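Step one of this worksheet: look at the structure below.
Just so it is clear, the values below take in all heavy atoms, side chains as well, and ignore hydrogens, waters and symmetry mates. Given the structure is predicted, the values throughout are model-derived calculations rather than measurements.
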Amino acid sequence: MTQDVNRDGVALARKTWRTLEPYHGGVYFSPEAADEYAALGVDATTGYFASRSAALGAAPPDLVIATFYNFNPQLVRRAIPAAWEAAAPQRFAAARLSGIDATLRRILGADISSPALARAAELARSAAEASVCHPQGRPLFAAHAALPWPSAPHLVLWHAQTLLREFRGDGHVAALLAAGLSGIEALVTHAATGEIDAGVLRASRAWTPEHWEQAVQNLRERGWLDDGPHLALTEDGARRRAEIEHTTDRLAALPYITLGPAAAAELRSLARPFSLAVAQELLPWAVDRLKADRTDWS
């Protein structure tokens, strides 16, 4: 089906993912989740790697390096397998869910029980469940899809978006590999689009300045980057980066096409206030994008 996705399907996948992603992404900046990981005896960074990979079981570091793709392997090896010595994977998965539960209850307040959130959860779950029969080549998605569904609507919505973003993420890794980009090179080309600060990407994935500069030089030699003093894509590099994003959207389109344009539009309309509330609290850089998308997309 992914080979037959038309332009409308690609756009549907991108705009629906962008609207709901902050609702999921809050877990990575949740103080309540960090507290849950601390209670298991690990810091927030180790908790991130352990809680997101916990669905894979007691994964060895190489599996986490492979599936997470763009982190410095040394950072992963400091967290895994040490995390499994602190607590079993099931406890990290439970800590993650407990943390985001507390975060969403704090941020959303009475909206937790709203009909709008319940309907958004129903629609998002329908989209996510459309993907479950297509796990091939998507290891992180498949692992998370095997976890039990929570019962509370605000957690159903969060878990559904978790599945949809891992479905998309696994496809993105495939697109990066097909384009010949390593993990750090993917980060450099992303930074070169101007969408996000290079320092933030480098530091958050624990790459050294030397690693970063070597990746920049490699990409310049291969025609991805300009030779000037600023990090910028060449015309051909911009074209190839756009192709990666298009391929990612195309590979992610199945659940949204199955849901249908009208239901996807309803999902975006219902979920946007909840995503915005989470973004305003935990992901301030996503606020302007959400507001712009509301204007640009129905």
Student check: side-chain heavy atoms of Asp249 and Val5 closer than 4.5 Å: no
Would you be so kind as to tabulate the donor-acceptor pairs closer than 3.5 Å made by side chains of residues 52-64, with sequence neighbours excluded?
residue: Arg52; atom: NE; partner: Glu166; partner atom: OE2; Å: 2.9
residue: Arg52; atom: NH1; partner: Tyr48; partner atom: OH; Å: 2.8
residue: Arg52; atom: NH2; partner: Glu166; partner atom: OE1; Å: 3.1
residue: Ser53; atom: OG; partner: Phe49; partner atom: O; Å: 2.6
residue: Asp62; atom: OD1; partner: Arg77; partner atom: NH1; Å: 3.3
residue: Asp62; atom: OD1; partner: Arg77; partner atom: NH2; Å: 2.7

Flag side-chain contact, heavy atom, 4.5 Å: Val278 against Glu281: no
Verdict with supporting geometry, Leu140 and Val173, side chain to side chain contact (heavy atoms under 4.5 Å, CB included): CA-CA 11 Å; Leu140 268 179; Val173 169; over 6 Å; no
Parallel, tilted or perpendicular: rings of Phe92 and Tyr37 (30°, 60°): tilted
Distance (rounded to the nearest 0.5 Å) between Ile244 CD1 and His190 NE2: 11.0 Å
same_hphob_cluster(Leu283, Phe274) at 4.5 Å side-chain heavy-atom cutoff: yes
Distance, nearest 0.5 Å, that separates OG of Ser269 from CZ of Arg119: 11.5 Å
Ion pair check, Lys291 and Asp288, cut-off under 4.0 Å: no
Nearest non-hydrogen partners of Leu290 and Pro22, listed with the distance: CD1-CG, 3.9 Å
Joint hydrophobic cluster, Leu147 plus Tyr23, side-chain heavy atoms closer than 4.5 Å: no
Exam field: side chain Arg268 to backbone Thr19, donor-acceptor pair closer than 3.5 Å: no
Exam field: side chain Thr258 to backbone Leu254, donor-acceptor pair closer than 3.5 Å: yes
Check: Phe71 and Ile65 side chains under 4.5 Å, non-hydrogen atoms: no
Electrostatic pair Glu243:Arg240 at N-O distance under 4.0 angstrom: no
Approximate separation, where rounding is to 0.5 Å, of Arg14 CZ and His246 NE2: 11.0 Å
Side chain to side chain contact (heavy atoms under 4.5 Å, CB included) evaluation trace for Val188 with Leu225: CA-CA 9 Å; Val188 171; Leu225 298 179; 3.8 Å; yes
Inter-residue atom distance Glu32.CD - Leu104.CG, 0.5 Å rounding: 9.0 Å
Leu163 reachable from Leu259 in the ILVMFWY side-chain graph, under 4.5 Å edges: no
Carboxylate-amine/guanidinium contact Arg165 Glu21, below 4.0 Å: yes
Approximate separation, where rounding is to 0.5 Å, of Glu36 CD and Ile100 CD1: 11.5 Å
Shortest non-hydrogen separation from Leu40 to Ala95 and the atoms involved: CD1-CB, 3.9 Å
Close side-chain approach of Phe68 and Ile80, heavy atoms under 4.5 Å: no
Donor-acceptor pair, side chain of Asn72 and main chain of Arg205, under 3.5 angstrom: no
Any side-chain heavy-atom pair of Glu122 and Leu117 under 4.5 Å: no
Joint hydrophobic cluster, Val200 plus Phe29, side-chain heavy atoms closer than 4.5 Å: no
Charged N-O contact under 4.0 Å between Arg241 and Glu245: yes
Criterion side-chain contact (heavy atoms from CB on, under 4.5 Å) against Leu219, the qualifying member of Glu221, Arg222, Gln217: Arg222
Any donor-acceptor pair under 3.5 Å from Asp226 side chain to Gly228 backbone: no
Nearest heavy-atom neighbours spanning Pro150 and Leu97: CB-CD2, 4.5 Å
Atom of Ala186, atom of Thr189 and distance for their closest heavy-atom approach: O-OG1, 2.9 Å
Pair His154-Asp111, side-chain hydrogen bond (donor to acceptor under 3.5 Å, both in side chains): steps then yes or no: CA-CA 9 Å; His154 67 287; Asp111 285 339; over 6 Å; no
Euclidean distance, Ser204 OG relative to Asn70 CG, rounded to 0.5 Å: 8.0 Å
Ala13 backbone acceptor or donor facing Thr16 side chain under 3.5 Å: no
Aromatic Trp17 / basic Arg168 pairing, under 6.0 angstrom, 45° off normal: yes
Worked check of side-chain hydrogen bond (donor to acceptor under 3.5 Å, both in side chains) between Arg96 and Tyr28: CA-CA 9 Å; Arg96 187 188 203 210; Tyr28 305 123; 3.0 Å; yes
Stepwise side-chain hydrogen bond (donor to acceptor under 3.5 Å, both in side chains) test for Thr162 and His24: CA-CA 6 Å; Thr162 300; His24 164 83; 2.9 Å; yes
Which atom of Thr103 lies closest to which atom of Ser30, heavy atoms considered: OG1-OG, 2.5 Å
Side chain to side chain contact (heavy atoms under 4.5 Å, CB included) between Leu187 and Trp212, worked out: CA-CA 9 Å; Leu187 295 174; Trp212 190 267; 3.9 Å; yes
Heavy-atom side-chain contact between Leu157 and Leu123 under 4.5 Å: no
Atom of Val156, atom of Ser151 and distance for their closest heavy-atom approach: CG2-O, 3.9 Å
From CA spacing to verdict: side chain to side chain contact (heavy atoms under 4.5 Å, CB included), Thr234, Asp227: CA-CA 9 Å; Thr234 62; Asp227 291 329; over 6 Å; no
Cluster link Val42 to Val27, ILVMFWY, side chain under 4.5 Å: yes
Residue pair Trp224 / Asn218, side-chain heavy-atom distance below 4.5 Å: no
Close side-chain approach of Val10 to Arg7, heavy-atom, < 4.5 Å: no
Thr46 and Asp43: CA distance, side-chain angles, deciding distance, side-chain hydrogen bond (donor to acceptor under 3.5 Å, both in side chains) verdict: CA-CA 5 Å; Thr46 298; Asp43 62 20; 3.0 Å; yes
